[in-house]
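Heavy atoms only: backbone and side chains are in, while hydrogens, waters and symmetry mates are out.
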Amino acid sequence: MHERNNIRNIAIIAHVDHGKTTLVDKLLQQSGIFREHEAVQERAMDSNDIERERGITILAKNTAITYKDYLINIVDTPGHADFGGEVERIMKMVDGVLLVVDAYEGCMPQTKFVLRKALEHDLTPIVVVNKIDRPAARPAEVIDEVLDLFIELEASDEQLEFPVVYASALNGTSSSDPEKQDDNMLALYETIIDHIPAPTEKVDEPLQFLVTLMDYNEYLGRIAIGRVNRGVIRQGQSVAVMMRDGSKKMARIEKLFGFQGLRRVEIEEAGAGDIVAIAGIKDINIGETIADPNQPEALPVLKIDEPTLQMTFLVNNSPFAGREGKWVTSRKLRERLLKELETDVSLRVDETDSPDAFIVSGRGELHLGILIENMRREGYELQVSKPEVIVKVIDGVRMEPIERLLIDIPEESMGAVMESLGSRKAEMVNMINSGNGQVRLEFLIPARGLIGYTTNFMTLTRGYGVMNHAYDSYGPVVGGQVGGRHEGVLVSSENGVSTMYGILGIEDRGILFVEPGAEIYEGMIVGEHNRDNDIVVNICREKQLNNIRSATKDDTVKMKTPRLFSLEQALEYLNDDEYCEVTPKSIRLRKKVLNKGERERAEKHRKMSEANL
């Protein structure tokens, strides 16, 4: 066994918006990978449409740069807690991590989550204090916070001796001194070479390759990406694929690719420590092992934390079903959800007694929201229920997920925010007043208390609040109502088209969700009621024409601006007896039971059942 000293494998981990993808951009640009006049997009690693629109990383992706005589394989990871499964599964690909921390914000909830995973896998850390050029940067305090976090997570003595690089990824500068910056990333390159261990090569041992990422090419089919754990892999080689269920099948490596910048380069062979892409193996999935057919040994299956939130996905059965979507049947919906399982290891899909309904479990609202958004863009029509937390029974006690919530708010909003979180059963564990009018509050709160809270929080802080949360642990179920919507809704009583006359007649009752001329069906939610009960309204009512002259005929009538929901806002808004109807062109809210009479009978039956209990 000897070290392959010319290779370094690293992952970049951090909380959301701390600058991981921008840092990868600058490392790529300054490595000389791109030609002098080659056009390169900002955040080059964020290749997905939704990633570019939202400015976030959703899928882990890898690249490689050449520095001097060294090949540095880099894996860029998501920062949102909802996509933590992407971070967990790539830890086996690398030997070290760059922990990127904002020079002003310091350690955030996801910083703790990703660092815990890195330390569990005994990876070598390098701390990068990014955004050092920010006017309010406080690098010394941030390093103290990071050190406290390492100690809290029981890091080894070697891991506590982490090197620190101060950088501004946006400007492409770095240095080991917080007071001055060099106009390049050399300090970071050198720190990676000096401190990240080189992979060890076991040439004589049989092949082992763990599939960690998946890609697809319409010419090559499924492409498996991972690290060669031991042995040598060659193009044209016959291999054994060790499936997750314990079975084994034979296959052949049709194409073998290495990485250079954002491109894949065809290679003949790769050794232990190399990160490569393999084409030609049908039906291969994440977590499976490619091994020597003569000595097939499977690597341990990837262990991913369990989902904490679930929703019911149903076939769209509204009166407008099939009008806008391409795929509307339960068979197509099932196929699409099972296909998602092949690439998303933190997702779960369970079938129900009904062939038209599936329970989909994930890490959070954003995780499931991105899946729904991708499906509607692909032409699917579906309905989804209100998100619900997954309650477990541990040692005879019902337990629910608890989230660690970190919020930065103006001082004047503190009272209102604390009151609103108190009603959601949040428990404050820390408060830091920075002295500049901003307060940082830390809470432990049941996950169901956060469902639907974002809009309320932004209203209470007038848009100045910043909220971050990550899964902390499972705790005993808190009694009483936690969170939920307190306002009733306006429900349409007719099928038809909304009219200005109908809207003006009911807009004093609350806030409307539809514009004039929108198609409406009975049971569709068209607005929010001022009070806590639901009422049925006729928004399609037309003015009766007659030959009597009206005294107010020429008065100008102003209509209030309706509230139009994004997908995430619609999911947050739902109540237990409602669905969100999602199509490629529309997002509508509706009652589960559309007919008013049937709805009242169902509600009466529910109350009688509760009384009998």
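- In this view, Arg563 and Glu528 satisfy the salt bridge (charged side-chain N to carboxylate O under 4.0 Å, His left out) rule, not counting sequence neighbours.
- With Gln383 as the fixed residue, the side chain to side chain donor-acceptor pair (under 3.5 Å) test singles out one of Arg590, Lys592, Glu581, Arg588: Arg590.
- Using modelled atom types and a 3.5 Å distance limit, the side chains of Glu487 and His529 yield no donor-acceptor pair.
- The salt bridge (charged side-chain N to carboxylate O under 4.0 Å, His left out) with Glu400 is formed by just one residue from the set Arg448, Lys392, Lys425; it is Arg448.
- For Phe113, the ring pair (Phe, Tyr, Trp, His ring centres under 6.0 Å) criterion is met by no residue, not counting sequence neighbours.
- Counting non-hydrogen atoms of other residues, nucleotides and ligands closer than 6.0 Å to CD of Glu542 gives a total of 12 or fewer.
- Residues Val477 and Met399 fail the side-chain proximity criterion, which asks for heavy atoms closer than 4.5 Å.
- In terms of the ring pair (Phe, Tyr, Trp, His ring centres under 6.0 Å) criterion, Phe358 has no residue partners (sequence neighbours excluded).
- Between Val241 and Ile281 there is a side-chain heavy-atom pair separated by less than 4.5 Å.
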Residues Thr454, Glu572; criterion side-chain hydrogen bond (donor to acceptor under 3.5 Å, both in side chains); working and verdict = CA-CA 8 Å; Thr454 307; Glu572 276 187 6; 3.1 Å; yes

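- Checked against ring pair (Phe, Tyr, Trp, His ring centres under 6.0 Å), Phe259 has no partners two or more places apart in sequence or in another chain.
- Defined by atom type and a distance below 3.5 Å, a donor-acceptor pair is missing between the side-chain atoms of Ser498 and Glu515.
- Residue pairs that meet the salt bridge (charged side-chain N to carboxylate O under 4.0 Å, His left out) test with at least one member in residues 357-369, sequence neighbours left out, are Glu88-Arg363.
- Taking the ring centre of Tyr380 as origin, the terminal cationic atom of Lys332 falls outside the region bounded by 6.0 Å and 45° from the ring axis.
- Atom CZ of Arg323 has more than 12 neighbouring heavy atoms from other residues, nucleotides or ligands inside a 6.0 Å radius.
- Partners of Arg485 under the salt bridge (charged side-chain N to carboxylate O under 4.0 Å, His left out) rule, at least two apart in sequence or in another chain, are Glu578.
- Salt-bridge formation is detected for the pair Glu340/Arg336: a Lys NZ or Arg NE/NH1/NH2 atom is positioned less than 4.0 Å from an Asp or Glu carboxylate oxygen.
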